[in-house]
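The structure appears right after this line, and notes come after that.
Every chain is numbered from 1, with letters handed out A, B, ... down the list of sequences. Remember, it's a predicted structure, so these values are computed and weren't measured experimentally.
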Number of protein chains: 2
Amino acid sequence: MKKQIKDIVEYLVKHNIKPSYPRIKILEALIEKDSHPNVDEIYNSLLKDAPTLSKTTVYNTLNVFAEAGIVKVLIIDGKEARYDIDTIEHGHFKCDNCDNITDLNISIDDKIISELQGFKIKEKRVYCKGICNKCLSI
Amino acid sequence: MKKQIKDIVEYLVKHNIKPSYPRIKILEALIEKDSHPNVDEIYNSLLKDAPTLSKTTVYNTLNVFAEAGIVKVLIIDGKEARYDIDTIEHGHFKCDNCDNITDLNISIDDKIISELQGFKIKEKRVYCKGICNKCLSI
DNA sequence: AAAGAGAATTGTAATAAATACAAAATTAAA
DNA sequence: TTTAATTTTGTATTTATTACAATTCTCTTT
C-alpha cells in the first residue's frame with residue numbers, strides 16, 4: 001500500500017515546501033518505507049546518501065511536513081513518534097512485540113460530532129494495540 | 001461523571017493491590033479529579049496530605065494500577081501520560097489550548113475485527129484533538 | 001513483643017526523545 | 001558579486017520516565 005507520488009519535488013512545491021536535498025531524501029524515505037518509521041529509522045536509512053545529515057534536520061523536516069499536512073505524527077506509546085506519509089483518514093494497529101504498525105481501514109463515526117457541538121475538531125485518531133498475526137504464529 | 005467507588009481499600013484489594021497509604025491517596029486523587037490528570041498534578045495535589053511522597057512512587061503506583069487494569073494510560077501528545085480511572089471503553093477529546101481532556105461516548109466499531117483476523121487485540125483507542133467549546137467562546 | 005522476610009517507598013542518578021539556539025552553509029535575489 | 005533569507009548542522013538543554021540501591025514499612029512467625 002505504498003503511497004503513489006510521481007514527482008517528489010513537485011509534491012513538496014505544491015505544499016509550499018522548498019525542495020532541499022534533505023527534504024527530498026526524507027520524503028523519499030517516508031514513501032519507500034511503509035512501516036511508519038521513527039526518526040532514527042529515517043535518519044539511519046539516509047546516512048549512506050547524505051553523510052552530513054543531522055538528526056536535528058530530520059526532526060525539523062518532519063515538523064515542517066507535519067505543519068504542511070503531508071505527514072501524520074503517530075503517538076501511540078509515548079516512547080517515540082512514528083510518521084505516516086498517508087494522510088487519508090485511517091486507523092492503526094501497533095504490535096507490542098515487533099513494534100510494527102499496520103494500517104486499519106477505519107474512520108471515526110460521525111456520531112461523535114453530536115457530542116462535540118461547539119468544538120473545533122482538528123484531528124481524529126483511532127488505533128489498536130496487541131500482538132500481530134505474524135508474531136502470534138511464531 | 002465522577003467514578004463511583006464506595007470503598008477505596010476494598011476496591012484495591014479486589015484488584016490484588018495492597019492498599020498502602022500512598023496507593024489509597026493516589027487512587028483518591030484519580031477519582032477526585034475527573035480531569036485525566038498527569039503525574040505532576042497528582043503528585044502536587046497530594047503533597048499536603050503526604051509530604052514525604054516521592055514522585056517515583058506516583059509513577060510506580062500508576063504503573064501498578066495500569067497493570068491491574070484499574071487505570072488507563074492516555075497517550076495523546078507524547079509530551080506526557082494522562083491517567084483515566086474510568087476503564088469503560090470510551091474516547092477522549094483533548095483541547096490544544098487548555099490541555100483539558102473530556103470524555104467521548106464512543107467505542108470502536110466491530111468492523112475492524114474483520115481486518116484484524118489472527119491478531120490479538122489488547123487495546124482499542126479513539127481520540128480527537130482541537131479546541132474545546134470553552135476555549136472557543138473566550 | 002521481637003525478629004526476620006518480603007514488599008513498598010524514597011531519592012538520586014541515568015536514559016532518551018525532542019527542542020533551543022547559535023554558527024555555518026546553502027540558496028535566491030538584487 | 002554582494003546581500004539577504006532560509007536551511008542545515010552540532011551542541012547543549014529540557015523533561016518525562018525508568019533504573020536502582022538504600023531505607024522504611026508491613027506482616028508473619030516465633
Side-chain angles (χ1 to χ4, degrees), chain A residues 8-9 12-13 15-29 36-44 46-47 49-68 70-84 94 96 99 101, chain B residues 8-9 12-13 15-29 36-68 70-84 94 96 99 101:
Chain A
I8 303 264
V9 171
L12 288 171
V13 171
H15 289 89
N16 297 311
I17 299 167
K18 273 193 198 158
S20 69
Y21 184 72
R23 287 169 176 178
I24 291 168
K25 281 305 185 181
I26 290 167
L27 179 53
E28 275 178 1
H36 312 88
N38 62 17
V39 167
D40 268 24
E41 280 179 81
I42 296 169
Y43 174 71
N44 289 320
L46 293 179
L47 277 187
D49 291 349
T52 80
L53 181 68
S54 154
K55 203 178 280 187
T56 300
T57 300
V58 179
Y59 276 105
N60 289 342
T61 302
L62 289 168
N63 286 340
V64 167
F65 287 0
E67 291 279 328
I70 68 169
V71 298
K72 296 282 182 193
V73 186
L74 306 184
I75 302 294
I76 296 186
D77 275 338
K79 193 174 95 54
E80 66 188 359
R82 304 280 289 259
Y83 297 87
D84 193 345
K94 176 168 184 202
D96 289 335
D99 279 350
I101 294 178
Chain B
I8 302 264
V9 171
L12 287 171
V13 170
H15 290 89
N16 298 310
I17 299 166
K18 274 193 198 159
S20 67
Y21 185 72
R23 286 168 177 179
I24 291 168
K25 282 303 184 185
I26 289 167
L27 179 52
E28 275 178 2
H36 313 87
N38 62 18
V39 166
D40 268 24
E41 281 179 80
I42 296 168
Y43 175 71
N44 289 321
S45 76
L46 292 180
L47 277 187
K48 333 166 192 77
D49 291 350
T52 79
L53 181 67
S54 155
K55 201 177 283 188
T56 300
T57 299
V58 180
Y59 276 104
N60 289 343
T61 301
L62 290 168
N63 286 339
V64 168
F65 287 180
E67 291 277 328
I70 69 170
V71 298
K72 295 282 182 193
V73 186
L74 306 184
I75 302 293
I76 297 186
D77 274 340
K79 192 174 97 55
E80 66 189 358
R82 305 280 289 259
Y83 296 87
D84 192 344
K94 178 169 185 201
D96 290 333
D99 278 350
I101 294 178

Choose from [options] the nucleotide whose nearest atom is closest to any side-chain atom of [X].
X	options	value
B:T56	C:dT10, D:dT8, C:dA17	C:dT10
B:E80	D:dT17, D:dT8, C:dA18	D:dT17
A:N60	D:dT9, C:dA18, C:dT9	D:dT9
B:Y59	D:dT18, C:dA18, C:dA7	D:dT18
A:A81	C:dT19, C:dA18, D:dT8	C:dA18
B:K79	D:dT9, C:dT19, D:dA16	D:dA16

Check your understanding: For D:dT18, does OP1 or OP2 lie under 4.0 Å from any side-chain N or O of B:N63?
Key ->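 So the side chain of B:N63 is within the cut-off, an N or O lying under 4.0 Å from OP1 or OP2 of D:dT18.
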Without decimals, in angstroms, what is the distance between [X] [atom1] and [N] [atom2]?
X	N	atom1	atom2	result
B:L27	C:dA8	CG	C1'	17 Å
B:L62	D:dA16	CG	P	15 Å
A:I26	D:dT9	CD1	P	8 Å

In the structure I gave you, are the side-chain heavy atoms of [X] and [Y] within less than 4.5 Å of one another anywhere?
X	Y	result
A:V58	A:L46	no
A:I42	A:T61	no
B:I70	B:L12	yes
A:V73	A:Y83	yes

**Study point:** A:T61 (side chain) and D:dT7 (base): donor-acceptor pair under 3.5 Å
**Key:**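 Flag unset: no donor-acceptor pair detected.
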Check your understanding: Looking at C:dT10, does its base get a donor-acceptor pair with the side chain of B:T52 below 3.5 Å?
Key ->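 Not at all, since no donor on one side and acceptor on the other fall under 3.5 Å apart.
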Practice item. Using heavy atoms to find the nearest nucleotide of DNA chain C for B:K18 and B:S54 separately, return the residue whose nucleotide is more 5′. Key: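 This one resolves to B:K18.
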Exercise for review: May I ask you to say what B:S20 touches in the nucleic acid, namely base, sugar-phosphate or nothing, with a heavy-atom cut-off under 4.0 Å?
Suggested key: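 Sugar-phosphate: the residue B:S20, judged by heavy atoms under 4.0 Å, touches backbone atoms but no base.
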